[in-house]
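Values below: every heavy atom of this structure, side chains too, minus hydrogens, waters and symmetry copies. Per chain, numbering begins at 1; letters A, B, ... match sequence-line order.
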Amino acid sequence: MINDESRTETYDPNAIIDKWMKVWEELHVNEALGLVAGHDDLPRSYVVSMFPYPSGDLHMGHAEVYSISDAVARYIRMTGANVLNAIGWDSFGLPAENAALKRNLHPREWTYANIETQAESFRRLGVSFDWRTRFHTSDPEYYRWNQWLFLRLFEAGLAYRKEAAVNWCPTDQTVLANEQVVAGACERCGTTVIQRPLTQWFFKTTDYAQRLLDDMKQLEGKWPHEVLAMQRNWIGRSAGAHIDFAVEGRGEPVRVFTTRPDTLFGATFFVVAVDAPLADELCADPQRGAFEAYRRQAATATEIERLATDRAKTGVNLGRFAINPVNGVRIPIFAADYVLADYGTGAIMAVPAHDQRDLDFARALGVPVQVVINTGEADPAETWVATHGDGRLVNSGDFDGMTTAEASAAITARLAELGAGTEAVTYRLRDWLLSRQRFWGTPIPIVHCEDCGLVPVPEAELPVRLPESGYELRPEGGKSPLESATEWVSVACPRCGGPARRDTDTMDTFVDSSWYFLRYPNPDYVEGPFDPAGVARWCPVDEYIGGREHATGHLMYARFITKALHDLGLVSFVEPFTKLTNQGQVIMNGKAMSKSLGNLVNLQEQIGLYGPDAVRVTMVFAGPPEDDIDWADVSPTGAVKWLARVWRISAELDGKSSGEPDIELRRAVHRMIADATTAMDDRRLNVAIARLMELTNLLRKAVDSGAGPANPATREGVEALVRMLSCFAPFTAEESWQRLGHGPSVSSAGWPQADPGLLVEDSVVCILQVNGKVRDRIDVAPGISDDELEQVAMNSGKLREHIGDSQILKVIVRAPKLVNVVLAG
RNA sequence: GCGGGAGUGGCGGAAUGGCAGACGCGCGGGUCUUAGGAACCCGUGUCUUCGGACGUGGGGGUUCAAGUCCCCCCUCCCGCACCA
């Protein structure tokens with residue numbers, strides 16, 4: 001399809017790959033000028049695309065991500081900046097364990113073999129990485145610093161342990177990662193997964209909730225609006241009041257959080273999360289049996305049941321009473337699973353008249369309903385529809401007649417006087433659970449000593465390396481894999497020297513990716529996790545590029561860690577990524593490509609057929625970077641045709657230019673350069689390519705039937721085209737550049753500058769409208785005045801024809817582009 | 001339920017409030033060819049009495065002028081989801 005046996009030379013994109021890969025490496029064209037110092041006169045730009053997980057060879061999704069990020073990096077570089085376009089690997093993670101089990105290898109072998117494959121594929125795709133940044137998070141030299149960071153957070157009180165539920169497969173007797181749970185069932189054996197409590201490590205992200213929210217102001221307009229919205233949602237700030245309810249027979253009152261203090265008089269019962277320790281404590285003896293049974297039932301609730309949002313309300317009366325602080329009314333206390341133990345205080349005042357969940361519960365368990373806000377709607381006790389809206393207070397003592405807003409303030413103030421409440425803010429954001437009962441991750445650098453408790457591994461002993469042998473990847477009985485490495489586990493306590501055990505959990509791989517971009521400038525640095533000089537030079541990241549699926553995971557964690565590092569005095573900034581660009585996924589027939597769906601398109605096969613440049617161009621031209629690409633909608637054949645066209649035009653210009661440059665052609669060329677530049681600046685890469693295609697068409701005509709191949713304007717246009725093309729199709733551009741008689745490399749040739757003088761046209765087309773409808777087009781001078789233009793326009797025969805003898809109400813003139821004559825009637 | 005986004009030709013998609021459909025795919029026609037699944041050129045929203053009329057999910061509005069701004073509605077996609 002690409003080759004033919006015609007006499008002229010043909011475009012064979014795959015024949016030029018090795019040649020240019022070698023040249024680029026020899027000339028170091030893709031390397032930043034100085035990683036930690038030097039060339040300070042140049043503006044710098046740090047471009048990072050979310051680093052890959054080495055799951056196998058690169059696939060179509062990678063091709064999209066890196067085609068986009070590389071086009072951006074190359075563009076910035078061509079405009080004269082010193083660009084660091086970094087690459088590394090996110091190489092810890094579960095798939096390596098699965099592969100190791102299957103092949104009976106160490107996870108490392110599979111992982112690093114894949115990394116080599118991907119690295120070679122990146123080179124063959126022509127991605128302009130600075131390979132000196134390369135590291136892998138599974139290198140002990142890297143994860144050592146994860147451990148170091150963990151210890152700093154531990155010292156700062158930001159890492160702590162508490163009990164939390166893990167996914168547990170009763171058949172396999174093992175803990176499961178979230179991604180191993182498919183529709184509530186174990187991925188391997190299909191057994192229904194249950195939740196099981198386990199003591200685990202957390203980072204205190206909640207301490208940073210307000211700052212994570214506030215600092216989003218810095219990102220406004222630079223991050224996709226959508227991602228910021230998701231994060232705002234995820235943090236879930238909610239303002240209201242804390243209210244303390246005395247409990248009969250208990251010294252300490254019990255605190256609740258509510259966003260509706262105005263409904264306090266409507267609280268007819270009190271609910272404690274069934275799985276909160278408080279529920280157990282408050283349970284009266286006669287209710288013990290019923291409570292224990294209910295708690296057991298709730299604990300064995302499966303993932304599937306838990307996810308059902310419309311299930312009936314259940315609960316048990318604990319046989320105790322709380323006292324409403326404003327009116328002294330006794331209300332019964334229930335334990336229920338619709339109240340969450342880890343949100344707010346794990347207990348609520350229930351106001352069934354004005355909260356649908358409480359109303360559903362009241363209906364199910366026969367608790368009375370008391371209306372305290374008159375919203376003008378029907379009685380909730382009859383309709384079983386709670387009234388959420390604003391209104392005036394009733395049945396609320398002194399507060400009757402107040403509006404919702406007035407009452408909220410007044411009741412909160414009363415509570416403050418009584419010493420029974422204050423204004424309060426709660427967040428939906430939870431602390432970051434970072435323990436993983438997995439092998440292929442960073443060991444947590446803590447030693448458990450019977451006498452000394454939790455003892456940090458001394459810094460000099462880092463890294464705590466993963467064991468080479470003596471472990472099982474899937475031990476029986478729900479142990480962590482590291483727990484099965486008995487020799488590795490057993491260690492002397494760093495503090496007292498007595499017998500102790502290593503912590504056997506590994507860290508969530510999101511820890512690895514929460515600071516990796518700080519290490520790129522000097523990946524071999526040994527004095528600390530990152531080189532302060534390199535970080536000062538490049539960070540924060542100027543252009544961060546990656547998928548939207550990381551909106552509330554990775555991006556939130558990286559923001560948190562950056563702030564924590566800032567507070568530790570290790571970095572000067574509080575936000576890691578100045579600008580964020582999302583890119584879409586490659587899908588096929590409406591679904592993300594995946595092996596199980598059998599809709600995989602093989603990247604290497606596509607490259608083999610069309611060449612790396614055509615695949616790259618296809619990815620970028622398919623649509624806006626953030627949109628998904630349905631592979632069924634696009635075809636690299638179009639890209640191949642275009643690239644071959646450019647290549648051919650370049651080859652046809654092998655002679656010396658002569659004669660006067662064609663001024664009209666120059667104007668057109670510079671118009672295209674200007675338009676392409678604007679599109680690139682706005683990151684509308686697909687539009688930029690459209691302009692390059694137009695320029696190509698223009699030059700084709702110039703060669704065939706216009707100025708001709710020898711005209712200097714033709715050469716100027718072709719050279720500009722090839723330079724701009726190099727952002728998207730580096731191999732073809734390089735080859736064409738050489739054919740134009742230049743030495744390597746086109747990527748050092750710079751982005752063409754549009755000459756402003758050539759952008760001013762001799763004449764422009766002005767549209768003439770009558771009542772907003774186009775009736776004529778005339779050529780006018782670009783500098784024409786409004787008055788002059790109106791006169792000229794009125795001379796148009798077509799315009800007069802459409803005006804007829806109607807009365808002219810007014811004439812809108814927008815020189816030099818438009819005249820609109822508005823008629824009466 | 002809450003939050004966010006999107007509806008434009010046969011398709012992917014362009015359009016600082018000022019000529020809707022750039023560019024590409026597909027399709028049709030032509031040139032050159034032993035041949036064309038190559039290259040190059042032309043055409044391609046709908047209707048049309050060939051003057052033009054209509055046309056950006058639907059309905060209203062603002063404006064001299066609306067795909068674009070405002071209000072209501074419909075459909076689809078994404079995120080969160082018993083968050084008090």
Thr422(A), Thr345(A), Asp244(A) screened by side chain to side chain donor-acceptor pair (under 3.5 Å) with Arg255(A), the one that passes:
Asp244(A)

Between C78(B) and G45(B), how far is it from one P atom to the other, in whole Å?
33 Å

Closest-nucleotide 5' rank along RNA chain B - winner of Ala341(A) and Asn820(A):
Asn820(A)

Do Thr404(A) and Arg260(A) have side chains that get closer than 4.5 Å, going by heavy atoms?
yes

I need the CE-P distance between Met680(A) and C23(B), as an integer number of Å.
20 Å

Does A84(B) have OP1 or OP2 sitting under 4.0 Å from an N or O in the side chain of Tyr343(A)?
yes

Using whole Å, what does the distance between atom P of nucleotide C41(B) and atom CG of Leu699(A) come to?
12 Å

Rounding to a whole Å, what distance do you find between Asp630(A):CG and G12(B):P?
9 Å

Heavy atoms only, 4.0 Å cut-off, all strands: where does Ser238(A) land among base, sugar-phosphate and nothing?
sugar-phosphate

Checking all strands, does Asp360(A) fall into the base, sugar-phosphate, or nothing category for heavy-atom contacts under 4.0 angstrom?
nothing

For the residue pair Tyr557(A) and Phe510(A), categorise the inter-ring angle as parallel (less than 30°), tilted (30 to 60°) or perpendicular (more than 60°).
tilted

d(CG, Leu429(A); P, G79(B)) in whole Å:
19 Å

Checking Asn233(A) against Arg428(A): is there a side-chain donor and acceptor pair closer than 3.5 Å?
no

Is there, by distance only and without an angle test, a donor paired with an acceptor across the side chain of Arg691(A) and the base of A22(B) below 3.5 Å?
yes

Watson-Crick/G-U partner (both atom distances under 3.5 Å) of G67(B):
none

Could you work out which one of G24(B), C19(B), A39(B) sits closest to the side chain of Lys641(A)?
A39(B)

Base, sugar-phosphate alone, or nothing: which one does Trp642(A) contact when heavy atoms must sit under 4.0 Å apart?
nothing

So does Glu549(A) have more than 12 non-hydrogen atoms from other groups sitting under 6.0 Å from CD?
yes

Choose from A84(B), G24(B), C19(B) the nucleotide whose nearest atom is closest to any side-chain atom of Asn697(A).
G24(B)

Considering only the C1' atoms, how many Å lie between G61(B) and C25(B), rounded to the nearest integer?
39 Å

For Met693(A) and A14(B), what is the distance between atoms CE and C1' respectively, to the nearest whole Å?
13 Å

Give one of base, sugar-phosphate or nothing for Asn686(A), where a contact means two heavy atoms less than 4.0 Å apart.
sugar-phosphate

Looking across every strand, which nucleic acid part, if any, lies under 4.0 Å from Arg777(A) by heavy atom: base, sugar-phosphate, or nothing?
base

Length of the NZ-C1' vector between Lys773(A) and C19(B), whole Å:
13 Å

Counting any heavy atom closer than 4.0 Å, what does Arg775(A) reach on the DNA or RNA strands: base, sugar-phosphate only, or nothing?
sugar-phosphate

The glycosidic conformation of G9(B), counting syn as within 90° of 0 and anti otherwise, is syn

Suppose you measure atom C1' in A6(B) against the same atom in U56(B); what distance do you get, rounded to whole Å?
13 Å

Taking any strand in view, what nucleotide pairs with G45(B) in a Watson-Crick or G-U wobble way, both distances under 3.5 Å?
C54(B)

Under 4.0 Å: is that the gap between some side-chain N or O of Arg428(A) and OP1 or OP2 of A84(B)?
no

Using a 4.0 Å heavy-atom cut-off across all strands, classify Lys817(A) as base, sugar-phosphate, or nothing.
nothing

Hey, are Glu220(A) and Arg232(A) close enough for a salt bridge, meaning a charged N less than 4.0 Å from a carboxylate O?
yes

Among C23(B), G79(B), A14(B), the nucleotide that comes nearest once only the side chain of Val687(A) is considered:
A14(B)

Rounded P spacing from G29(B) to G18(B) in Å
39 Å

Assign Gln356(A) to base, sugar-phosphate, or nothing according to its heavy-atom contacts below 4.0 angstrom with the strands shown.
nothing

Using a 4.0 Å heavy-atom cut-off, does Val271(A) contact any base of the nucleic acid, only the sugar-phosphate backbone, or nothing at all?
nothing

Measuring only the C1' atom in each nucleotide, how far is G7(B) from C11(B)? A whole number of Å is fine.
16 Å

Indicate, with a heavy-atom threshold strictly under 4.0 Å, whether Thr259(A) touches base, sugar-phosphate, or nothing.
sugar-phosphate

Give me the distance, rounded to whole Å, that separates G58(B) from G67(B) when you measure between the C1' atoms they each carry.
15 Å

If pairing means Watson-Crick or G-U wobble with both distances under 3.5 Å, then the partner of C2(B) is G79(B)

Nearest-nucleotide 5' precedence on RNA chain B, Val822(A) against Leu340(A)
Val822(A)

Given the P atoms of C40(B) and C23(B), what is the spacing between them in whole Å?
16 Å

Who pairs with G36(B) - Watson-Crick or G-U, where each distance is under 3.5 Å
none

Where the chi angle of G52(B) falls, syn if within 90° of 0 and anti if not
anti

Same-atom distance (P) from A20(B) to U68(B), integer angstrom:
14 Å

Over how many whole Å does the gap from Arg645(A) atom CZ to C23(B) atom C1' extend?
12 Å

Check whether any side-chain N or O of His225(A) sits under 4.0 Å from OP1 or OP2 of G5(B), and answer yes or no.
yes

Without decimals, in angstroms, what is the distance between Arg814(A) CZ and U63(B) P?
15 Å

Taking a pair as Watson-Crick or G-U wobble with both distances under 3.5 Å, which nucleotide is matched to A14(B)?
none

Taking CD in Gln606(A) as the centre, count heavy atoms belonging to other residues, nucleotides or ligands within less than 6.0 Å. Is the count above 12?
yes

Presence of donor-acceptor pair under 3.5 Å, side chain of Lys701(A) and base of C41(B)
no

Check the angle between the aromatic planes of Phe361(A) and Phe269(A) and answer parallel, tilted or perpendicular using the 30° and 60° thresholds.
parallel

Donor-acceptor side-chain pairing of Asp787(A) and Gln791(A) below 3.5 angstrom
no

